[in-house]
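These numbers come from a predicted model, not from an experiment. Along the sequence shown, residues are numbered consecutively beginning with 1.
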Amino acid sequence: MDSLPLKDIFFYITAIFMVAGALLTVWVKNVLHSAIALIGTFFGSAVLYFLLSAEFVAVAQVMVYIGGVVVFIVFAILLTSKLGEKNLETSGLRKAVAAFFALAITVLAVIILRGAGSEGQTEQKDFASLAAIGEKLLSPGNNGFLLSFEAISLLLLISLIGAITIARTHKEDKSTEEK
């Protein structure tokens with residue numbers, strides 16, 4: 001019986017670590033602990049990028065998501081919420097609806113990934129180079145990601161405005177309660 005190569009063993013260990021971190025992110029009731037588990041999941045994805053020889057993408061993953069987004073989330077949590085507050089309980093109906101949508105999205109992702117199985121698997125030597133990533137990211141053509149890049153930036157702007165609105169509403173409610 002042939003043994004697995006070291007790279008495959010490292011992949012499976014990283015995948016288990018990522019799945020555990022993702023599950024903890026969703027299941028933990030403390031929001032700060034959930035954000036820490038999210039950091040572990042993002043770090044695991046950076047390790048997978050290193051295994052795929054995409055060093056620039058791995059470093060960008062660490063800098064942008066762990067260094068920027070998650071730290072922003074942690075600061076937002078610490079500045080806008082009370083960590084000792086009573087946890088909100090969710091009803092069984094909401095859990096069932098959430099489980100249904102999670103299962104539906106998983107089935108849809110599996111169907112899409114099976115359809116994309118062997119299409120376009122031409123091996124490119126410099127697929128993860130800085131020039132190739134920049135060209136793909138800013139190209140408006142069929143193989144570019146300009147539209148999705150702009151959609152993500154718009155989504156981040158909307159979520160930032162929403163977070164500020166929620167934080168400001170809590171401050172206004174607090175000042176009216178004190179009077």
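Using a 4.5 Å cut-off on side-chain heavy atoms (C-beta onward), Phe11 and Leu6 make no contact.
In this structure, Thr14 contributes its side chain and Leu48 its backbone to no donor-acceptor pair below 3.5 Å. Looking only at distances, a side-chain donor or acceptor of Thr25 sits under 3.5 Å from a matching main-chain atom of Leu38. The backbone N or O of Phe42 lies less than 3.5 Å from a partner atom in the side chain of Ser45, making a donor-acceptor pair.
Leu24 and Ala37 make their closest contact through CB-CB, 3.8 Å (heavy atoms, listed as atom of the first residue, atom of the second, distance). A pairwise comparison of heavy atoms in Pro140 and Leu146 identifies CB-CD2, 4.0 Å as the closest pair. Across every non-hydrogen atom of Ala58 and Tyr49, the tightest pair is CB-CB, 3.6 Å.
Residue Phe10 qualifies as open at atom CZ: its count of foreign heavy atoms under 6.0 Å is 12 or below.
Leu103 and Phe100 fall into different hydrophobic clusters, defined by Ile, Leu, Val, Met, Phe, Trp and Tyr side-chain heavy atoms under 4.5 Å apart, directly or through other members. At a threshold of 4.5 Å between side-chain heavy atoms, the hydrophobic network of Ile, Leu, Val, Met, Phe, Trp and Tyr places Val47 and Ile66 in one connected group. The hydrophobic cluster containing Phe43 does not contain Leu23, counting ILVMFWY residues as joined when their side-chain heavy atoms lie under 4.5 angstrom apart, directly or transitively. By the criterion of side-chain heavy atoms lying less than 4.5 angstrom apart, applied directly or through intervening Ile, Leu, Val, Met, Phe, Trp or Tyr residues, Val19 is grouped together with Trp27 in one hydrophobic cluster. Taken together through direct or relayed side-chain contacts under 4.5 Å among Ile, Leu, Val, Met, Phe, Trp and Tyr, Leu157 and Ile152 form parts of separate hydrophobic clusters.
Interatomic distance, Phe56 CZ to Gln61 CD, rounded to the nearest 0.5 Å: 12.0 Å. To the nearest 0.5 Å, atom CD of residue Glu150 and atom CG of residue Leu138 are 9.0 Å apart. Note that CG of Leu155 is 11.0 Å distant from CG of Leu160, once rounded to the nearest 0.5 Å.
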Does the side-chain contact (heavy atoms from CB on, under 4.5 Å) test come out yes or no for Tyr65 and Thr41, once each step is laid out? CA-CA 10 Å; Tyr65 286 104; Thr41 305; over 6 Å; no
